Amino acid sequence: MPELPEVETVRRTLVPHLVGVTLAAVRVRERRLRVPVNVASLRQLAVGQTIAAVRRRGKYLIIDLRGGTLLLVHLGMSGRLTLESATQPLARHDHVVFSLSDGRELRYNDPRRFGLIVAMASRDEAQHPLLARLGVEPLSPEFSGALLFALTRHSRQPIKTFLLDAHRVVGVGNIYASEALAAARLHPARAAHSLSGRETERLAAAIRDVLERAIARGGTTLRDFVDGLGVAGDFANALAVYGRDGEPCVRCRRRIRSVVQAGRRSFFCPGCQRSR
DNA sequence: AACACGCCCTGCGCGC
DNA sequence: TGCGCGCAGGGCGTGT
């Protein structure tokens, strides 16, 4: 899926085109997403409204509409949110299509349908079940080694699995969890609570650094990902360990290995990332 | 409370 | 060439 850098890339590419534009109509061609699309609420809350801002919270895009409503969009594993010419034929898996006042269309495409689009009143944002329990933003000033140290104290989970839990830290998915741990030289199987203060400092800095570098290069495209204008990301070449099982580590030349943790594959260098 | 697990869904690449 | 299998960037409900 789009992780934080990919969602942020979509946000940045859409902002200049969407702010000030009105949602003139919506067509829902497939309502069976992770949360079933509520067509009536989309029509009542979103259609006719003008876009005031496009924000991001974790892996969620939040499209603020004038008139006190917003659209919450999650791209799941395979989702795309792209601006297209209305004359462009619809593609397979174009599930939700917004007609815009400038004649173009904003299209939500998602083959696996793990994503969602929800309209709500802006005042409900903080209490909404999908948002209320989300953890800290890793690119915010409040995120630090000290905070990560505090958050990890009572978790016996492997640190890799811990990082994937959006109720603790948002936005870090399977690619960037492995990349951050590699940069911090921490073994993915280390129990979260076993990390020292120095190690959580290193890890927090690595998370921030890898996310920022990925955003700077438009995100990671493994297969599906494109930004709001249909352009693929460029960070896949910069990945140090993810997907590089068997290849030599650029730092120590040992072969990168992978293991499965909590059902997700983790990549690491056995030379640079010792378990203790 | 914390954590492991299975499941949601489609598409693709691989081995046979 | 075709087919079945395993696996994929996420997140939640359920069980212990």
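Chain identifiers are assigned alphabetically (A, B, ...) following the order of the sequence lines, protein sequences preceding nucleic acid strands; residue numbering begins at 1 within each chain. Only a predicted model underlies this, so the values are computations on that prediction, with no experimental measurement involved.
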Engineer: With A:Phe267, which residues qualify under ring-ring contact (aromatic ring centres under 6.0 Å, His included), at least two apart?
Structural biologist: A:Tyr242
Engineer: Look at all strands and tell whether A:Arg133 reaches a base, only sugar-phosphate, or nothing, counting heavy atoms closer than 4.0 Å.
Structural biologist: nothing
Engineer: Rounded to whole angstroms, how far apart are CG on A:Leu164 and C1' on C:dG11?
Structural biologist: 11 Å
Engineer: Please report, rounded to the nearest Å, how far the C1' atom of B:dC8 is from the CZ atom of A:Arg264.
Structural biologist: 13 Å
Engineer: Considering only heavy atoms, which members of residues 234-247 of chain A lie under 4.0 Å from some atom of DNA chain C?
Structural biologist: A:Tyr242
Engineer: Return the set of residues passing side chain to side chain donor-acceptor pair (under 3.5 Å) with A:Asp224 (not counting sequence neighbours), or none when no residue passes.
Structural biologist: none
Engineer: So do the side chains of A:Tyr176 and A:Pro5 get within less than 4.5 Å of each other, counting heavy atoms only?
Structural biologist: yes
Engineer: With A:Arg12, which residues qualify under side chain to side chain donor-acceptor pair (under 3.5 Å), at least two apart?
Structural biologist: A:Glu8
Engineer: Please tabulate, one pair per line, each protein N/O and nucleotide N/O from nucleotides 1-5 of chain B that are separated by under 3.5 Å, including the distance.
Structural biologist:
residue: B:dC3; atom: OP1; partner: A:Ser155; partner atom: OG; Å: 3.3
residue: B:dC3; atom: OP1; partner: A:Arg156; partner atom: N; Å: 2.5
residue: B:dC3; atom: OP1; partner: A:Gln157; partner atom: N; Å: 3.2
residue: B:dC3; atom: OP2; partner: A:Arg168; partner atom: NH2; Å: 3.4

Engineer: Starting from P on C:dG11, measure out to CG on A:Asn174 and report it in whole angstrom.
Structural biologist: 11 Å
Engineer: Can you say whether the rings of A:His187 and A:Phe268 are parallel (under 30°), tilted (30 to 60°) or perpendicular (over 60°)?
Structural biologist: tilted
Engineer: Rounded to whole angstroms, how far apart are CG on A:Leu75 and P on B:dC8?
Structural biologist: 22 Å
Engineer: Specify the separation, in whole Å, of atom NE2 of A:His95 and atom P of B:dC9.
Structural biologist: 12 Å
Engineer: Let me know the distance between CZ of A:Arg31 and P of B:dC8, rounded to the nearest Å.
Structural biologist: 19 Å
Engineer: Calculate, to the nearest 0.5 Å, the distance between atoms CZ and CG belonging to A:Arg198 and A:Leu203 respectively.
Structural biologist: 14.5 Å
Engineer: Within the structure shown, what part of the strands sits under 4.0 Å from A:His193 by heavy-atom distance: base, sugar-phosphate, or nothing?
Structural biologist: nothing
Engineer: Any chance you could lay out the side-chain hydrogen bond (donor to acceptor under 3.5 Å, both in side chains) test for A:Gln273 and A:Arg257, step after step, and finish with the verdict?
Structural biologist: CA-CA 11 Å; A:Gln273 298 169 260; A:Arg257 288 191 42 212; over 6 Å; no
Engineer: Between A:Thr220 and A:Arg34, just flag the one whose closest nucleotide in DNA chain C comes earlier from the 5' side.
Structural biologist: A:Thr220
Engineer: Going by the rule side chain to side chain donor-acceptor pair (under 3.5 Å), which residues pair with A:Arg32 if we only count those two or more places apart in sequence or in a different chain?
Structural biologist: A:Glu30
Engineer: For residues A:Ser178 and A:Ser266, is any side-chain donor paired with an opposing acceptor at under 3.5 Å?
Structural biologist: no
Engineer: Please measure how far the P atom in B:dC9 lies from the corresponding atom in C:dT14, and state the result in whole Å.
Structural biologist: 16 Å
Engineer: By ring-ring contact (aromatic ring centres under 6.0 Å, His included), which residues pair with A:His93, not counting sequence neighbours?
Structural biologist: A:His95
Engineer: Considering only C:dA8, C:dG10, C:dC12, which nucleotide approaches the side chain of A:His167 most closely?
Structural biologist: C:dC12
Engineer: Residues of residues 110-120 of chain A with any non-hydrogen atom less than 4.0 angstrom from an atom of DNA chain B: list those, numerically ordered, please.
Structural biologist: A:Pro111, A:Arg112, A:Arg113, A:Phe114
Engineer: Run A:Arg265 and A:Ser258 through side-chain hydrogen bond (donor to acceptor under 3.5 Å, both in side chains) and show every step you take.
Structural biologist: CA-CA 7 Å; A:Arg265 191 150 293 272; A:Ser258 79; 2.6 Å; yes
Engineer: Would you give me the side-chain donor-acceptor pairs under 3.5 Å for residues 126-141 of chain A, sequence neighbours excluded?
Structural biologist:
residue: A:His128; atom: ND1; partner: A:Leu130; partner atom: N; Å: 3.1
residue: A:Glu137; atom: OE1; partner: A:Arg56; partner atom: NH1; Å: 3.0
residue: A:Glu137; atom: OE1; partner: A:Arg56; partner atom: NH2; Å: 3.4
residue: A:Glu137; atom: OE2; partner: A:Arg57; partner atom: NH1; Å: 3.0
residue: A:Glu137; atom: OE2; partner: A:Gly58; partner atom: N; Å: 2.7
residue: A:Ser140; atom: OG; partner: A:Glu137; partner atom: O; Å: 2.7

Engineer: Test of understanding: with ring-ring contact (aromatic ring centres under 6.0 Å, His included), list the residues that count as partners of A:Phe225, not counting sequence neighbours.
Structural biologist: none
Engineer: Counting only pairs under 3.5 Å, give me each side-chain donor-acceptor contact of residues 40-49 of chain A, with atom names and distances, residues two or more places apart or in other chains.
Structural biologist:
residue: A:Arg43; atom: NH2; partner: A:Val26; partner atom: O; Å: 3.0

Engineer: For A:Asn237 versus A:Arg244, what's the shortest heavy-atom pair and its separation?
Structural biologist: O-NH2, 3.4 Å
Engineer: With P as the reference atom in both, quote the distance from C:dG6 to B:dG6 in angstrom, rounded to an integer.
Structural biologist: 14 Å
Engineer: Would you mind reading off the distance between A:Leu33 atom CG and B:dC8 atom C1', rounded to a whole angstrom?
Structural biologist: 12 Å
Engineer: Considering every strand and a 4.0 Å limit on heavy-atom distances, what is the contact class for A:Arg265: base, sugar-phosphate, or nothing?
Structural biologist: sugar-phosphate
Engineer: What is the distance, rounded to the nearest whole Å, between atom OH of A:Tyr108 and atom C1' of B:dC9?
Structural biologist: 12 Å
Engineer: Let me have DNA chain C in dot-bracket notation, would you? Count Watson-Crick plus G-U wobble pairs, both distances under 3.5 Å, and use [ ] for pairs crossing earlier ones and | for inter-strand partners.
Structural biologist: .|||||||.|||||||
